[in-house]
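These values consider heavy atoms only, across backbone and side chains, with no hydrogens, waters or symmetry-generated copies. Bear in mind that the values here come from a model prediction, so they are computed numbers and not experimental data. Numbers for residues simply follow the sequence, beginning at 1.
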Amino acid sequence: MNYLETIVARKRREVKRRKRHKLAAVFQPEACHTRFTDPPAALRRQGAAAPRIIAEIKFESPSKGVLRDRQAGEAARIARGFERSGAAAVSVLCDAVSFGGTPLDVRRVSQTVRLPVLFKEFVIDEVQLDLARAMGATFVLLIVAALEDRALDQLVKATRKRGMEPLVEVYSERELDRALGADAHVIGVNARDLRTFRVAPRQAQQVIRKVPGSVVSVWMSGLRCRKDLEELGDERIDAALLGEALMRANDPEAALLRLTGG
């Protein structure tokens, strides 16, 4: 099963429905504003310090099923805990069918914490960028494997036009070249192949070592314990995304402290 292909096909239907019913705020350039004047700086590693952490909120996974039961106010509550535990940013899964999320979770989180918030979706159209901006997102995920070169280039520019920063996700060296060609300032190297959901950390290491130092690099997926995080300490990464290991824990805030050593 090709998970990515299936999800993107569904996103095309969702985008058509959203456009038909005008379910996104109309973008007005003159009204554009953001709390963060330099979003990439929030994720850039400082000297010999440990990589910064993007703590992720996701309730389900296509390959793992339910990770955590949803409760009223749960996304905002968890986000507050992540902020207290020293996260540099919060990632929020917005897809309902495969990940149990909603764009409203982004709004609730962005209104709750003072951290940058990543609108983590399968973005294929600018109408989704309008939605991300309306929800208060700072970063928007753009997945190279889901986009042709022209669309990727247009969405990178359109994201910045709306006062947000694209976090461009790649899996291979070829996709890294495409991301750099689209002028990505923040690149996430996913250790998980979104087509199969298999994790290949060695390949991710090879790819992330080729990310130029001028670009903020983010390790995505596959980190389960403190040892995994420590082993990345010598890699050329600025930030690491932690999700499943936190969301499975009884106390995600305490789990983040354990993983980072406080």
Side-chain angles (χ1 to χ4, degrees), residues 2-12 14-15 18 24 27 32 34 36 38-40 42-44 54 56 58 89-95 98-99 101 103 106 110 116-195 204 207-208 210-212 214-221 237-239 241 243:
N2 188 319
Y3 289 101
L4 181 62
E5 188 177 272
T6 300
I7 293 172
V8 169
R10 175 164 50 77
K11 287 300 159 186
R12 292 193 184 100
E14 289 180 12
V15 164
R18 187 170 294 280
F27 171 48
C32 186
T34 178
F36 303 93
D38 186 8
L43 302 181
R44 186 172 288 283
I54 304 173
E56 185 162 272
K58 67 175 178 180
V90 179
S91 170
V92 183
L93 261 296
C94 307
D95 180 71
S98 297
F99 294 92
V106 177
S110 66
V117 178
L118 170 63
F119 184 89
K120 196 173 185 188
E121 246 285 30
F122 296 81
V123 174
I124 58 173
D125 191 277
E126 289 188 30
V127 71
Q128 294 165 287
L129 300 181
D130 293 338
L131 178 62
R133 182 178 173 276
M135 296 298 103
T138 309
F139 292 97
V140 174
L141 184 71
L142 299 179
I143 302 171
V144 169
L147 300 165
E148 298 295 334
D149 285 345
R150 183 178 178 183
L152 176 62
D153 186 66
Q154 290 176 339
L155 288 171
V156 166
K157 292 181 173 67
T159 301
R160 292 193 182 122
K161 188 176 181 181
R162 286 159 173 78
M164 301 176 292
E165 182 65 31
L167 193 165
V168 183
E169 177 183 319
V170 307
Y171 176 71
S172 65
E173 291 184 31
R174 181 176 178 277
E175 290 182 3
L176 173 61
D177 290 339
R178 292 180 59 202
L180 294 172
D183 192 32
H185 298 168
V186 182
I187 291 179
V189 177
N190 200 340
R192 177 175 284 113
D193 185 347
L194 292 181
R195 300 168 185 84
V207 175
I208 211 158
K210 294 184 179 297
V211 177
S214 59
V215 175
V216 172
S217 60
V218 180
W219 179 283
M220 304 175 72
S221 296
I237 66 169
D238 290 292
L241 187 143

Mind checking side-chain contact (heavy atoms from CB on, under 4.5 Å) for [X] and listing every partner two or more places apart, or none if nothing turns up?
X      : result
Ala132 : Phe119, Ala137, Val140, Met164
Ala184 : Val168, Ala179, Ile187
Ala42  : Pro116

Compare every heavy atom of [Y] with every heavy atom of [X], then report the nearest pair and how far apart it is.
X      : Y      : value
Val156 : Ala182 : CG1-O, 3.5 Å
Val218 : Leu241 : CG1-N, 4.4 Å
Ser221 : Ala191 : O-CB, 3.8 Å
Leu43  : Ala239 : O-CB, 3.8 Å
Tyr171 : Val207 : O-CG2, 3.8 Å
Val215 : His185 : CG1-O, 3.4 Å

With sequence neighbours excluded, tell me which residues meet salt bridge (charged side-chain N to carboxylate O under 4.0 Å, His left out) with [X].
X      : answer
Lys210 : none
Asp177 : none
Asp95  : Arg10, Lys11

Item to complete: Start with the C-alpha distance between Arg195 and Glu175, add both sets of side-chain angles, then the distance that settles salt bridge (Lys or Arg N to Asp or Glu O under 4.0 Å), and finish with yes or no.
Response: CA-CA 14 Å; Arg195 300 168 185 84; Glu175 290 182 3; 3.2 Å; yes
For the [atom1] atom of [X] and the [atom2] atom of [Y], what is their distance to the nearest 0.5 Å?
X      : Y      : atom1 : atom2 : value
Leu194 : Thr6   : CG    : OG1   : 12.0 Å
Asp125 : Leu131 : CG    : CG    : 11.5 Å
Leu93  : Phe122 : CG    : CZ    : 7.5 Å
Asp38  : Arg44  : CG    : CZ    : 9.0 Å
Thr138 : Leu167 : OG1   : CG    : 11.5 Å
Ile124 : Leu129 : CD1   : CG    : 11.0 Å

Does any part of the side chain of [Y], heavy atoms only, come nearer than 4.5 Å to the side chain of [X], both counted from C-beta?
X      : Y      : answer
Met135 : Val92  : no
Phe139 : Thr159 : no
Leu176 : Val189 : no
Arg18  : Gln128 : no
Met220 : Leu141 : yes

Worksheet entry | Full working for side-chain contact (heavy atoms from CB on, under 4.5 Å) between Val106 and Glu121 | CA-CA 11 Å; Val106 177; Glu121 246 285 30; over 6 Å; no
Worksheet, complete the sentence: By side chain to side chain donor-acceptor pair (under 3.5 Å), Ser91 pairs with (sequence neighbours left out) Glu56
Discussion item. Taking side chain to side chain donor-acceptor pair (under 3.5 Å) as the definition, give me every residue that meets it alongside Glu165, ordered by chain and number, with sequence neighbours left out.
Written reply: Arg160
Item to complete: Sequence neighbours left out, what pairs pass salt bridge (charged side-chain N to carboxylate O under 4.0 Å, His left out) with at least one residue falling in residues 138-151?
Response: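 Residue pairs passing salt bridge (charged side-chain N to carboxylate O under 4.0 Å, His left out), neighbours aside: Asp149-Arg178.
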